[in-house]
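First up is the structure itself, then whatever we jot down about it.
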Amino acid sequence: MSAMLMSEVLEFSLPPVPKFVLYLLADGINCDGEYWPKYGVLERKTGCSSDELYLALQWLGEAGLIRILRRGGAIGYRLSFGHSVGGEE
C-alpha cells in the first residue's frame, strides 16, 4: 500500500519540502492509513528543523492532503488523498 501512495506523491506538483514530508508520511503509513512517528523521526529523516517541519505539515493539512491527529500526547497523520487508505476515500 505505501509503495502505491509513495508513487502517487511523486506525481504531485508541490513545493519541495512539503512534497518530501508527504512522501515520508506515505512511506510510514500503517494499514489504518495512519502514521504515528516517534518524536524527532521526521526531523531526522527530512533534515528539517522543527519549525520547517511544522510549516510543511501545516501546509499539507491546509491543502487537504493530510489530517493531523492527536491521541493522548502523541501526534499522528492520516493521508487524505488518492487511493482509499484505512477504509476512507
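The CD atom of E43 lies 10.0 Å from the CG atom of D51; values are rounded to the nearest 0.5 Å. If you take CD1 on I68 and CZ on R78, they are separated by 14.0 Å, rounding to the nearest 0.5 Å. Here the CG-OG distance, from L79 to S2, works out to 10.0 Å after rounding to the nearest 0.5 Å.
The hydrophobic cluster containing L5 also contains F12, counting ILVMFWY residues as joined when their side-chain heavy atoms lie under 4.5 angstrom apart, directly or transitively. Linking ILVMFWY side-chain heavy atoms closer than 4.5 Å, directly or via other members, places V41 and I29 in a single hydrophobic cluster. L55 and I75 are not part of a single hydrophobic cluster, where members link through side-chain heavy atoms under 4.5 Å apart. With hydrophobic clusters built from ILVMFWY side chains whose heavy atoms lie under 4.5 angstrom apart, L10 shares a cluster with L60.
Legend: residues meeting side-chain contact (heavy atoms from CB on, under 4.5 Å) with A63, ordered by chain and number and at least two apart, are W59, L65. Annotation: side chain to side chain donor-acceptor pair (under 3.5 Å) contacts of S13 (sequence neighbours excluded): none.
Contact detail for C48 and L53: the closest heavy-atom pair is CB-N, 4.2 Å. Across Y23 and M6, no two heavy atoms sit closer than the pair OH-CE, 3.1 Å. Closest approach of I66 to S80, counting heavy atoms only: N-OG, 3.4 Å. Scanning both residues, P37 and L42, for their nearest heavy atoms gives CG-CD1, 4.0 Å.
Taking the side chain as every heavy atom from C-beta outward, Y35 and N30 never approach each other to under 4.5 Å.
When each of R70, R67, R71 is checked for a salt bridge (Lys or Arg N to Asp or Glu O under 4.0 Å) with E34, only R71 meets the rule.
Note on E11 versus K19: no salt bridge recorded, every NZ/NE/NH1/NH2 to OD/OE distance being 4.0 Å or above.
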